[in-house]
S.K.: 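Got a structure here, written out as structure tokens. Questions coming.
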Amino acid sequence: MRIRTDGDYAYRRDAIERAADFYDCTKTKAVVSACDDVPKFVQASRQVLERDDLTLEQRQEIAKTLSTRAVTFEIESEIVVDTG
């Protein structure tokens with residue numbers, strides 16, 4: 001697999017190098033590690049945001065903190081009034 005890092009895609013080189021520094025490994029291993037980790041982090045984030053002991057404001061703050069350029073967490077609150 002090849003990842004373009006020229007021209008408009010130059011930002012990818014920086015992202016891959018940051019991942020390699022973070023994981024302290026080669027660029028290839030960093031890409032694979034990030035691909036393995038992201039779905040797990042997203043699932044764990046969803047579990048945290050669904051906790052019953054958090055207020056709506058706390059959930060919104062956590063969602064904002066965990067959101068990135070590629071993954072956005074949004075908290076919705078539904079209010080239903082039954083008059084019948």
Side-chain angles (χ1 to χ4, degrees):
M1 174 184 305
R2 294 174 194 249
I3 300 174
R4 290 189 59 189
T5 58
D6 61 327
D8 290 342
Y9 302 106
Y11 70 93
R12 292 176 177 174
R13 178 180 301 280
D14 294 335
I16 293 168
E17 288 175 354
R18 281 194 309 273
D21 289 343
F22 176 80
Y23 287 108
D24 191 27
C25 62
T26 66
K27 291 182 227 176
T28 300
K29 183 166 173 41
V31 169
V32 172
S33 296
C35 290
D36 286 342
D37 286 348
V38 167
K40 293 174 186 174
F41 285 132
V42 170
Q43 181 57 36
S45 298
R46 284 184 178 143
Q47 289 176 342
V48 168
L49 292 169
E50 291 172 356
R51 286 177 34 182
D52 291 335
D53 62 333
L54 298 173
T55 66
L56 176 60
E57 291 79 15
Q58 288 171 323
R59 287 183 182 142
Q60 289 171 333
E61 184 177 332
I62 292 167
K64 183 178 177 182
T65 300
L66 294 176
S67 292
T68 66
R69 178 184 55 80
V71 178
T72 302
F73 295 93
E74 294 181 11
I75 304 301
E76 296 178 4
S77 177
E78 183 178 331
I79 299 173
V80 177
V81 178
D82 185 3
T83 59

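None of the values given here were measured: they were computed from a predicted structure. For the single chain, residues carry numbers from 1 onward in sequence order.
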S.K.: Can you establish whether the number of heavy atoms outside Glu61 located under 6.0 Å from its atom CD is more than 12?
M.R.: no
S.K.: What distance do Gln58 atom CD and Leu56 atom CG have between them, rounded to the nearest 0.5 Å?
M.R.: 10.0 Å
S.K.: According to side chain to side chain donor-acceptor pair (under 3.5 Å), who are the partners of Thr68, at least two apart in sequence or on a separate chain?
M.R.: none
S.K.: Taking only distance into account, with no hydrogens and no angle test, what donor-acceptor pairs under 3.5 Å do side-chain atoms of residues 28-39 form with protein atoms, sequence neighbours excluded?
M.R.:
from	atom 1	to	atom 2	distance (Å)
Ser33	OG	Lys29	O	2.9
Asp37	OD2	Tyr23	OH	2.4

S.K.: Can I get a per-line list of side-chain donor-acceptor pairs under 3.5 Å for residues 42-53, giving both atom names and the distance, sequence neighbours left out?
M.R.:
from	atom 1	to	atom 2	distance (Å)
Ser45	OG	Phe41	O	2.7
Arg51	NE	Asp53	OD1	2.9
Arg51	NH2	Asp53	OD1	3.2
Arg51	NH2	Asp53	OD2	2.6

S.K.: Just distance, no hydrogens or angles: give the donor-acceptor pairs under 3.5 Å from side chains in residues 7-22, sequence neighbours left out.
M.R.:
from	atom 1	to	atom 2	distance (Å)
Arg12	NH1	Arg4	O	3.3
Arg13	NH2	Thr5	OG1	3.0

